[in-house]
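Note sheet for the following structure.
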Amino acid sequence: MAKPVILTGLRANNDLHIGNYLGGLLPIIDMATQKADDYQINLFVPDLHSFTTPIDHGTLQTGILQNLRVFVAAGLPLDHPDVHIYRQSYVPAHSELTWILDCFTGMGEMGRMTQFKDKSGKLSEDRISVGLFNYPVLMAADILLYGASYVPVGEDQSQHLEFTRDIAERLNSRFGDLFVVPKAVKEQHAFFGKDQGLRIKDLADPTKKMSKSDETGKGVIFMTDSPEAVRKKIMSATTDSLAKVAYDKDKQPGVTNLLDLLALFGKQDLAAVKKEYEGQEQYGPLKTAVADAIVEYLTKFQTALSKVSDEAILNKLKTSEEQMNQQANATLLKVQRAIGLRE
Ligand code: TYM
């Protein structure tokens, strides 16, 4: 029997930040390093997702390769036969299945997606692309083509994952068992443990998530930031005027975000971090500890990044993309037959 598939993708827009790293990348790297014998691991660059909103197309290629380097520097074992890296656009079945799924998806369903509402709210009607609108359908195709059961993502993508389950169940009930339905979000959290379903907040405005589309970059820590930049951003992180450290997402989102970051990057778990800092009347020591922990972590990561071999990546891409085309085409053919496009 085929192994269960764990799959995730990280867009190549801008450098990856610590939210992408913790929410999307680290959980799958943990699985790839600890459980690659029991699962198939698919870590891909959703390059077709990159221009749902306008981008500089001249830097897309560089961004794609940089993402792949980050995957390897984070610890992805390229030499394992069941670990795969690939670029979405090199597997044309993604686009083909998207069109088919589009025709079984409601306009209302897509219009309700929070991410669409957030992103489109900032644009005039003519600048909202149809691609931005039906982007969750492409994401569903990314997942369903490989029969992925587990999809580690940050909290912002949970709604898209639920949609993937809905569309898979819809087609399965109409046409027979076409797709593996990915596990429900709750089960995903249980499977991946603490790093799943995260929402790391912007340091300058902790009421919103850390996001690479934030132009100022002031509240965003990129994986390639220098120690000085990290310290500056953490030390000037927005907190509050309550002058007492407490873990309270609603009343003290900035301080709570810092406690979370310390638990994720430092050596203590959240319970220990809370025990040490809650009740303190100054925020300075907490900020210094967070900055130290992130600087130490990123310094190690950046050393690994500088040693990554592009040749190893390109070789692995070639093998993986061949294999992924085979797997994806097999699913696509099943769907094409079921809906009457093929004998
Ligand atoms: P993307 O590229 O915007 O983000 C990559 C991953 O980072 C997570 N993330 C966060 N996690 C915690 N806190 C944050 N502040 C934060 N910001 C981002 C995202 O949830 C994601 O896991 N649509 C996806 C890419 C994609 C995909 C897929 C993922 C395309 N096809 C199939 C899984 C399966 C996206 O735009 O993620």
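In each ligand, atom 1 is the first atom listed, and ligand 1 is the first ligand listed. We number each residue from 1, following the sequence as shown.
Of all protein heavy atoms, the one lying nearest to atom 35 (C) of ligand 1 is Tyr135 OH, 3.3 Å. Ranking protein heavy atoms by distance to atom 31 (N) of ligand 1, first place goes to Asp142 OD2, 2.6 Å. Nearest protein heavy-atom neighbour of atom 37 (O) of ligand 1: Gln157 NE2, 3.8 Å. Scanning the protein heavy atoms around atom 5 (C) of ligand 1, the nearest turns out to be Asn20 ND2, 3.6 Å. The shortest contact between atom 3 (O) of ligand 1 and any protein heavy atom is with Arg11 NH2, 2.8 Å.
Across all non-hydrogen atoms, the minimal contact from Gln252 to Ala246 is OE1-CB, 3.2 Å.
Comparing Pro136, Gly9, Gly19, Gly154 against atom 16 (C) of ligand 1, the shortest heavy-atom distance belongs to Gly19. Ranked by closest heavy atom to atom 32 (C) of ligand 1, the top entry among Glu155, Met139, Lys201 is Met139.
If you look at Asp156 next to ligand 1, the close heavy atoms, those under 4.0 Å, all belong to the side chain. Residue contacts with ligand 1 for Leu22 are absent, since no atom lies close enough (heavy atoms, distance under 4.0 Å). Neither the backbone nor the side chain of Leu25 comes within 4.0 Å of ligand 1, counting heavy atoms alone. Heavy atoms from both the backbone and the side chain of Met210 come within less than 4.0 Å of ligand 1. If you look at Phe44 next to ligand 1, the close heavy atoms, those under 4.0 Å, all belong to the side chain. Heavy atoms of Ile200 found under 4.0 angstrom from ligand 1 belong to the backbone as well as the side chain.
Set against the non-hydrogen atoms of Thr8, the atoms of ligand 1 under 4.0 Å away are 29 (C), 33 (C). Shown in contact with Leu10 at under 4.0 Å from a heavy atom are these atoms of ligand 1, numbered in order with element: 2 (O), 5 (C). When each atom of ligand 1 is checked for a heavy atom of Gly24 under 4.0 Å away, the hits are 22 (O). Heavy-atom proximity to Val151, at under 4.0 Å, picks out these atoms of ligand 1: 33 (C), 34 (C). Each of the atoms 30 (C), 31 (N) of ligand 1 lies under 4.0 Å from some heavy atom of His49. Atoms of ligand 1 found under 4.0 Å from any heavy atom of Gly23 (numbered from 1 in listed order, with element): 11 (N). Each of the atoms 20 (O), 22 (O), 29 (C), 33 (C) of ligand 1 lies under 4.0 Å from some heavy atom of Val153. Of all the atoms in ligand 1, the ones that sit under 4.0 Å from a non-hydrogen atom of Leu198 are 11 (N), 12 (C), 13 (N).
Checking His17 against Asp225 by side-chain atom types alone, no donor-acceptor pair falls below 3.5 Å. In the model, His49 has a side-chain atom that pairs as donor or acceptor with a side-chain atom of Asp142 under 3.5 Å. Donor-acceptor pairing under 3.5 Å is lacking for the side chains of Tyr277 and Tyr283. A donor-acceptor pair shorter than 3.5 Å can be found between the side chains of Gln40 and Asn42.
For the pair Lys274 and Tyr247, the cation sits on the ring face: its NZ or CZ lies under 6.0 Å from the ring centre, inside 45° of the axis. Taking the ring axis of Phe191 as reference, the NZ or CZ atom of Lys35 stays within 45° of it and closer than 6.0 Å to the ring centre.
Contact annotation: the side chain of Leu43 never approaches that of His84 to less than 4.5 Å [non-hydrogen atoms, C-beta and beyond]. Side chains of Met110 and Phe163 form a contact here, defined as non-hydrogen atoms less than 4.5 Å apart.
From Met139, atom CE reaches atom CD of Gln157 across 4.5 Å, with rounding to the nearest 0.5 Å. Atoms NZ and CG, on Lys275 and Asp269 in that order, are 11.0 Å from each other to the nearest 0.5 Å.
Just one of Tyr86, Tyr39, Phe44 meets the ring-ring contact (aromatic ring centres under 6.0 Å, His included) condition when paired with Tyr146; it is Tyr86. Each of Lys119, Lys201, Lys209 was compared with Asp156 under the salt bridge (charged side-chain N to carboxylate O under 4.0 Å, His left out) criterion, and only Lys209 meets it.
Among the atoms of His160, none of the N or O lies under 3.5 angstrom from an N or O of ligand 1.
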